[in-house]
Amino acid sequence: MDQITNRAIIPPIDLKDGGLTVEGVSKSYEAKGDTTEVLRDISFSVGEGEILGIVGRSGCGKSTLLKLIAGLDRDFVGRITLDGEEVIGPGVERGVVFQEPRLFPWLTVEQNVAISIHETRMPSGEKQELVASNLALVGLAGFETKFPHQISGGMAQRAALARALTSRPSLLLLDEPFAALDALTKMQLQDEVIRIWQSRKMSIVLITHDIDEAIHLCDRVIVMSPRPGEIKSVSSVEIARPRPRIGAAADAIRSRLMSDLGLF
Ligand SMILES: Nc1ncnc2c1ncn2[C@@H]1O[C@H](COP(=O)(O)OP(=O)(O)O)[C@@H](O)[C@H]1O
Ligand SMILES: [Mg+2]
């Protein structure tokens with residue numbers, strides 16, 4: 001059985017479909033008269049309910065790309081659309097989780113989570129219910145009134161995930177969300193993401209430098225090469241869920257990804 005298919009660059013996208021499309025995206029930073037080309041001609045799509053991984057060495061432009069998709073930086077060439085709508089700024093239909101939880105230290109866990117629907121028009125009772133249900137979803141029921149310094153790093157990252165989920169995004173953007181956690185907590189949270197994804201079926205873009213994380217979570221994995229960041233390959237991970245973390249299928253795709261990353 002061929003576990004790895006579709007190494008070609010993904011063809012142009014049908015804009016009638018839902019999901020994310022990134023077309024011909026290039027990005028340069030200008031500083032002190034110098035131009036650094038960070039991303040060159042990046043094109044891919046993420047289907048509705050698909051988990052797409054992006055792996056690449058540090059500095060190859062992964063976070064830059066994620067910021068463009070999040071709408072946090074509009075200074076780029078190309079076009080990004082979500083469910084047919086061009087991305088022109090941040091929006092509640094895109095939830096973002098970064099490597100650090102980025103919680104406000106002076107707010108409680110539930111207040112931090114409620115921020116994501118602060119501007120959403122909804123009766124306050126409904127907002128409270130939404131926050132409570134999303135905290136329960138990530139396993140933080142009972143910790144609503146704790147402050148960030150009173151909870152562990154893993155719990156803080158769960159709170160960040162709840163904040164990203166509370167606006168019911170159709171796309172979840174994860175930028176190395178578990179990189180700062182210990183190995184066991186990381187594996188636990190990876191499985192939580194799968195469980196949540198199975199109940200919500202949103203699309204996910206997961207940026208990671210952890211190959212095993214990409215193999216465990218993603219339907220397809222893009223490998224980026226650096227300077228400038230370009231798509232080197234796209235691989236499908238056709239391992240049925242719940243996925244075993246070890247085994248021949250995972251080994252085969254790991255070898256492929258490591259080779260594409262230039263690791264051997
Ligand atoms: N705001 C910025 N101004 C100038 N250069 C930047 C800026 N942000 C990132 N870079 C540069 O762009 C490149 C890609 O960075 P980044 O997207 O953070 O990579 P990655 O997330 O893959 O580690 C790096 O060389 C980095 O130094
Ligand atoms: Mg980064």
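Atoms within each ligand, like the ligands themselves, are counted from 1 in listed order.
With hydrogens and angles disregarded, no donor-acceptor distance shorter than 3.5 Å links the side chain of Lys232 to the backbone of Gly56. Judged by distance alone, the side chain of Trp197 and the main-chain N or O of Glu50 form no donor-acceptor pair under 3.5 Å.
The distance from the Mg ion (ligand 2) to the nearest N/O/S atom of Thr64 is not under 2.8 Å.
At a cut-off of 3.5 Å, with distance as the only test, a side-chain donor of Thr81 or Thr21 sits close to an acceptor on the other residue. With hydrogens and angles left out, the side-chain atoms of Glu176 and Thr208 include no donor and acceptor closer than 3.5 Å.
Remark: atom 16 (P) of ligand 1 lies closer than 4.0 Å to at least one protein heavy atom. Within a 4.0 Å radius of atom 9 (C) of ligand 1, the protein contributes one or more non-hydrogen atoms.
Note: Ile222 CD1 to Leu206 CG = 12.0 Å, rounded to the nearest 0.5 Å. For the atom pair OG1 (Thr36) and CZ (Arg227), the distance works out to 11.5 Å, reported to the nearest 0.5 Å.
The closest protein non-hydrogen atom to atom 19 (O) of ligand 1 is Gly61 N, 3.2 Å. Shortest contact from atom 1 (N) of ligand 1 to any protein heavy atom: Tyr29 CE2, 3.6 Å. Protein heavy atom closest to atom 18 (O) of ligand 1, with residue, atom name and distance, is Ser63 CB, 3.7 Å.
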Between Thr145 and Glu110, is the side-chain contact (heavy atoms from CB on, under 4.5 Å) condition met? List the steps.
CA-CA 6 Å; Thr145 58; Glu110 64 185 353; 3.9 Å; yes
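Val113 approaches Ala159 most closely through the heavy-atom pair CG2-O, 3.7 Å.
Using a non-hydrogen distance threshold of 4.0 Å, Val38 registers as a contact of ligand 1. At least one heavy atom of Gly59 sits closer than 4.0 Å to an atom of ligand 1.
Looking at Lys67 next to ligand 1, no N or O pair under 3.5 Å apart turns up.
Among Lys62, Gln99, Glu37, Met224, the residue whose heavy atom sits closest to atom 22 (O) of ligand 1 is Lys62.
Numbered from 1 in the order shown, with element, the atoms of ligand 1 that lie under 4.0 Å from a heavy atom of Ser58 read 23 (O).
At a heavy-atom distance under 4.0 Å, atoms from both the backbone and the side chain of Thr64 approach ligand 1.
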